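Before any comments, here is the structure.
Here the structure is a predicted model, which means the values were calculated and not measured. Every chain is numbered from 1, with letters handed out A, B, ... down the list of sequences.
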There are 2 protein chains.
Amino acid sequence: MNEELIKRATLHDVASLSGVSYQTVSRVINQHPHVAPRTRQKVLQAISQLDYRPNQAAKVLATGRSDMLQLIMYDMRYGDPLPPMLGAARERGYTLLISEINPLAAKEEIHKALQDVANRMIDGLIVFTPYQFIPYEEMREVCRDIPFVFVDTDPGFKAPSVIFDQRHGVALAVEHLIGLGHRQIAEVHGPPLHSDARIRHESFLTALAAHGLEPGPIERGEFVISSGYNATQHLLASDKPFSAIFVGNDRMALGALRALREHGLRVPEDVSIVGYDDMAEAAYFMPPLTTVRQNLSTLAQQSIAYLVSMIQDRTMPIQQRVLYPELIVRASTGPLTA
Amino acid sequence: MNEELIKRATLHDVASLSGVSYQTVSRVINQHPHVAPRTRQKVLQAISQLDYRPNQAAKVLATGRSDMLQLIMYDMRYGDPLPPMLGAARERGYTLLISEINPLAAKEEIHKALQDVANRMIDGLIVFTPYQFIPYEEMREVCRDIPFVFVDTDPGFKAPSVIFDQRHGVALAVEHLIGLGHRQIAEVHGPPLHSDARIRHESFLTALAAHGLEPGPIERGEFVISSGYNATQHLLASDKPFSAIFVGNDRMALGALRALREHGLRVPEDVSIVGYDDMAEAAYFMPPLTTVRQNLSTLAQQSIAYLVSMIQDRTMPIQQRVLYPELIVRASTGPLTA
DNA sequence: ATTTTTATTGTGAGCAGTCACAACCTCATA
DNA sequence: TATGAGGTTGTGACTGCTCACAATAAAAAT
C-alpha cells in the first residue's frame with residue numbers, strides 16, 4: 001500500500017495506456033484538429049485515469065514560450081494597478097507573474113534581478129517603475145529578445161512605453177483652483193527621483209506660469225502620509241501666504257488635511273486642497289478629496305495589448321502611448337473667500 | 001551584419017569554447033566545489049565572452065526544483081502583506097511569484113486555477129485567502145506533492161497554516177472599550193464568508209458575553225469603505241442606543257467616521273470607534289483610529305519558514321502556528337461621557 | 001616506492017515535452 | 001478503377017540542463 005513513490009504520469013504513460021503514440025496525446029492536449037473523435041476519447045479517458053498533468057517546464061523548454069508575462073513593480077504596497085493588470089493579461093491568455101524591484105538599488109543589483117527575470121523563460125515584461133532606472137539600450141541587452149514595456153515613465157522616453165499625460169492632469173487641477181479664484185497656490189511635491197513626482201512638480205510650475213502666476217510656498221515630501229503632514233506644517237510655518245495647496249499624491253494630501261486641521265484651518269473654507277491619483281480612500285477623506293484620476297484599467301489594457309503585439313510581431317515599432325487623466329472634483333476645493 | 005538570428009549560447013557552447021566538458025561548466029555555474037581555480041577561470045571567461053545565460057526551464061525540468069514559491073491572494077488591492085512576503089522568501093533563496101484567485105468562484109474554476117499553478121513547477125504554495133474555499137484533502141490532491149501553507153484561515157483548520165488569534169485581538173478591543181466605561185457597543189462586521197470577518201464577529205459576541213453584556217445594534221458590511229458608511233447609517237437609524245462601535249476592519253471604520261460626522265456626532269466624545277488591521281492610513285484618520293494591529297512581517301516570516309521546512313522535509317507534521325495581535329490605542333476611543 | 005585518499009574531469013542516460021516530416025488510411029472525384 | 005485530396009497517426013531528432021557514475025590526475029599516507 002505504499003503509494004509514496006508513484007511517479008507523475010507522463011505523455012508516454014498516457015500514450016501506452018491508450019494505445020496511441022505520444023504525439024497523438026500531445027495533439028489531444030493542445031487541442032489540435034485532426035484527431036479522430038474516438039481516439040481523442042480514448043486519450044482523454046487515459047488522462048483522467050492516470051490523473052495526468054502536463055509538465056510546464058518541459059513544454060517551455062521545448063517550445064521556448066511560457067505564456068507568462070512578468071510585471072515588475074517598484075513598491076508592492078501600491079497595489080492598485082495589480083488587479084487590472086492581472087485581468088488584462090488573463091484576457092489575452094497569459095498568466096501574469098508579479099515581482100518587485102528596488103529601482104534605487106545599485107546598478108549591479110538591478111541587472112542581476114532583471115537577468116534573473118529574463119532567464120525565467122518569460123514571454124514579456126512590464127516594468128512599472130516611475131524611476132528612470134535603466135536606459136533603453138541597457139534594458140534590451142539584459143532582456144535579450146524578451147519584449148518589454150515601460151509603464152509610468154517619462155514622456156519622451158524613447159522606449160516602448162505607456163504613460164499618462166500628467167502635465168495635462170496637473171493643468172486641470174491648477175486651472176480648477178484658478179477658476180475658483182485662487183492666486184496663491186502652494187505645493188507639496190514628491191521625491192524628485194520619482195518620475196511622476198518630478199513631472200507633476202514641473203507641470204505645476206508650468207501651469208502657473210501659463211497663467212502669469214508666481215508659485216506659493218513649495219515643500220518636498222516623500223509620497224507617504226507622514227511626509228505630507230510634515231511638509232504642510234512647513235508650509236504653514238513659512239511667511240508666504242496661500243489659499244490652496246496642490247499636493248503631489250493623495251496619500252500626502254491625507255497628511256496635509258491633518259496638518260491643516262491641527263492648525264485650526266478649515267478645508268475648503270480656509271484652504272483648498274487638490275490631490276493626485278484618486279485612491280480608493282480619497283472619497284472618504286474629511287473632506288472628500290478633489291483629485292486627479294488616472295484610469296488604471298485603460299493603462300493595464302494598453303500595456304498588455306502593446307506587449308502582446310510586440311511578442312507576436314518582433315518588428316513592432318517603438319512607441320509611447322499617452323493616456324489622459326481626469327479631474328475629480330469633490331469637497332476639498334472651494335471658491336476663494338476674501 | 002545580420003545578427004538577428006544569433007542563437008542563445010548553451011552550456012555546450014561554453015564548454016567547447018573553454019575546452020572543457022559541459023559537466024564542468026555546469027559545476028562552475030552551480031558553485032560546486034572541486035573545480036580547479038584555473039578551469040573555473042577559463043569557464044567564467046567563456047561565459048562572459050558568449051554572454052551565456054543558463055536556461056531556467058531546462059534546469060527546472062532536469063532537477064524538478066524551481067526555487068520559486070507562489071503566493072496566492074484573494075484580493076490584490078490588499079497589498080500590505082506582499083512586501084514582507086517577498087522579503088521573507090528572498091531571504092531564504094526563493095523567488096516569490098504572486099497571483100490572484102477568486103475564492104468565491106465556481107469550484108471547477110478554482111481547481112483549474114490551482115492545477116495551473118501546481119503544474120508550473122513551483123516548489124511551494126502559500127494560500128492567503130481568508131475563505132475556507134477548499135478542503136485540505138482536496139487541496140492535497142490538486143497540488144500533488146507540492147507543499148502548501150494556508151495563511152489567515154480558520155482556527156482549528158487541520159492543515160498547515162499560520163494565523164492570528166483574532167479572538168484575542170477582538171477581546172483586547174472590546175475590553176478596551178469596556179474599560180472606558182462603554183456598555184452599549186454596536187458592531188459593523190464584514191461578510192460572513194470571509195473567515196476573518198466571521199471570526200471577529202463571533203469573538204465580539206463572545207467577548208461581550210464574557211463580561212455579561214448584551215450587544216448593541218449590529219450591521220453587516222462588505223469590508224469596503226462605502227459599506228462601513230452605509231452600515232453605520234443603519235446603526236444610527238436603529239432605536240438601540242450605543243456609545244461605541246467595534247468595526248470589523250479599518251476601511252469600514254473610515255466609512256463609519258464619515259457617517260458619524262455627517263450625523264453631527266463627534267468621535268470619541270459622542271461615539272468611540274475601534275477598527276481592525278491598522279492599515280497605514282489609520283493613524284491619519286480624523287480622528288486617528290484605535291485599532292488592532294497584526295504584525296505582517298512576523299506572519300510572512302513564519303509562513304515562509306514553515307513552507308520551506310515542508311519542502312526540505314516531507315514528513316513535517318501538519319501544524320497551525322498562531323500569532324498574537326496587539327491593540328493600538330489612538331484618539332478614536334475615549335471614556336464614556338454621561 | 002607503493003598504496004590509499006582526495007580532487008578534478010568526462011560520459012551516458014535521463015527530464016517531459018514539441019516540431020517537422022513521412023506514412024497511412026479514407027473518401028470523393030474523374 | 002485509378003487518383004488525388006485531405007484527415008489521421010507515428011517516427012526521429014531535437015530543447016538545455018542535471019544526475020549518477022566512471023575515469024583520471026594529483027596529493028597524502030604508508
Side-chain angles (χ1 to χ4, degrees), chain A residues 5-44 46-47 50-68 118-123 144-145, chain B residues 5-44 46-47 50-68 115-116 118-123 144-145:
Chain A
L5 295 175
I6 36 164
K7 272 194 45 181
R8 295 178 56 149
T10 75
L11 211 58
H12 293 80
D13 299 332
V14 176
S16 53
L17 177 60
S18 51
V20 299
S21 79
Y22 51 86
Q23 180 57 31
T24 302
V25 178
S26 170
R27 286 195 186 96
V28 171
I29 290 165
N30 295 304
Q31 327 260 25
H32 272 273
H34 305 328
V35 177
R38 273 198 44 223
T39 315
R40 180 194 311 283
Q41 220 37 57
K42 268 195 308 189
V43 171
L44 287 176
I47 286 177
L50 293 172
D51 192 17
Y52 165 74
R53 315 262 186 87
N55 181 323
Q56 291 296 324
K59 177 167 185 160
V60 171
L61 175 58
T63 59
R65 277 175 293 103
S66 66
D67 292 330
M68 290 198 278
N119 293 347
R120 273 194 202 293
M121 299 258 58
I122 238 128
D123 293 349
R144 291 273 180 73
D145 49 355
Chain B
L5 294 175
I6 35 163
K7 272 195 42 182
R8 296 178 53 148
T10 74
L11 210 60
H12 293 80
D13 300 332
V14 175
S16 54
L17 176 61
S18 51
V20 300
S21 79
Y22 52 86
Q23 179 57 31
T24 302
V25 177
S26 169
R27 287 194 185 96
V28 170
I29 290 164
N30 295 303
Q31 327 260 26
H32 272 274
H34 305 326
V35 176
R38 271 197 45 224
T39 315
R40 178 193 313 282
Q41 219 39 54
K42 268 193 309 189
V43 172
L44 287 176
I47 285 178
L50 294 173
D51 192 18
Y52 165 74
R53 314 260 187 92
N55 180 322
Q56 291 296 323
K59 177 167 183 160
V60 171
L61 176 58
T63 59
R65 276 175 293 103
S66 66
D67 292 331
M68 291 198 277
Q115 283 199 12
D116 234 56
N119 292 348
R120 274 197 200 292
M121 300 257 61
I122 239 127
D123 292 351
R144 292 271 180 75
D145 49 355

Q. Is there a side-chain polar atom (N or O) of T24(B) under 4.0 Å from OP1 or OP2 of dG10(C)?
A. yes
Q: Carefully, step by step, assess H12(A) and V25(A) under the rule side chain to side chain contact (heavy atoms under 4.5 Å, CB included).
A: CA-CA 8 Å; H12(A) 293 80; V25(A) 178; over 6 Å; no
Q) Reckon P33(A) touches a base, only the sugar-phosphate, or nothing at all at heavy-atom distances under 4.0 Å? A) nothing
Q) Heavy atoms under 4.0 Å, any strand shown: does V20(B) hit a base, just sugar-phosphate, or nothing? A) sugar-phosphate
Q.
Please determine whether a side-chain nitrogen or oxygen atom of R65(A) lies at a distance below 4.0 Å from atom OP1 or OP2 of dC19(C).
A. yes
Q. R53(A) near the nucleic acid: base, sugar-phosphate alone, or nothing, with a heavy-atom cut-off under 4.0 Å?
A. sugar-phosphate
**Q.** Heavy-atom closest pair, residues S66(B) and D123(B)
**A.** N-OD1, 3.0 Å
Q) Would you say S21(A) reaches dG10(D)'s phosphate, i.e. side-chain N/O to OP1/OP2 under 4.0 Å? A) yes
Q: Could you tell me whether the side chain of R27(A) has a donor or acceptor atom within less than 3.5 Å of a complementary atom in the base of dT8(D)?
A: no
Q. How is R38(B) classified with respect to the nucleic acid when contacts are heavy atoms under 4.0 Å: base, sugar-phosphate, or nothing?
A. nothing
**Q.** For the student: nearest non-hydrogen atoms of A46(B) and S18(B), plus distance
**A.** CB-CB, 3.8 Å
Q: Return the nearest nucleotide to the side chain of L11(A); candidates are dC17(D), dA16(C), dT18(C).
A: dT18(C)
Q.
Reading DNA chain D from 5' onward, which residue's closest nucleotide shows up sooner: A62(B) or P37(A)?
A. P37(A)
Q: Identify whether any heavy atom of V60(A) sits under 4.0 Å from a base atom; if not, whether one sits that close to sugar-phosphate; answer base, sugar-phosphate or nothing.
A: nothing
Q.
When you measure from the side-chain N and O atoms of S26(A) to the phosphate of dT18(C), is any distance below 4.0 Å, counting only OP1 and OP2?
A. yes
Q) Do you know which two heavy atoms are closest between V35(B) and R27(B), and how far apart they sit? A) CG2-CB, 3.8 Å
**Q.** Audit row: D51(B), R144(A), salt bridge (charged side-chain N to carboxylate O under 4.0 Å, His left out) steps and yes/no
**A.** CA-CA 10 Å; D51(B) 192 18; R144(A) 291 273 180 73; 3.2 Å; yes
**Q.** Comparing Y22(A) and R40(A) on DNA chain D - which has the more 5′ nearest nucleotide
**A.** R40(A)
Q: Indicate whether OP1 or OP2 belonging to dT18(C) is found under 4.0 Å from a side-chain N or O atom of N30(A).
A: yes
Q: Tell me which of A9(A) and T39(B) sits closer to the 5' end of DNA chain C, going by the nucleotide each one is nearest to.
A: T39(B)
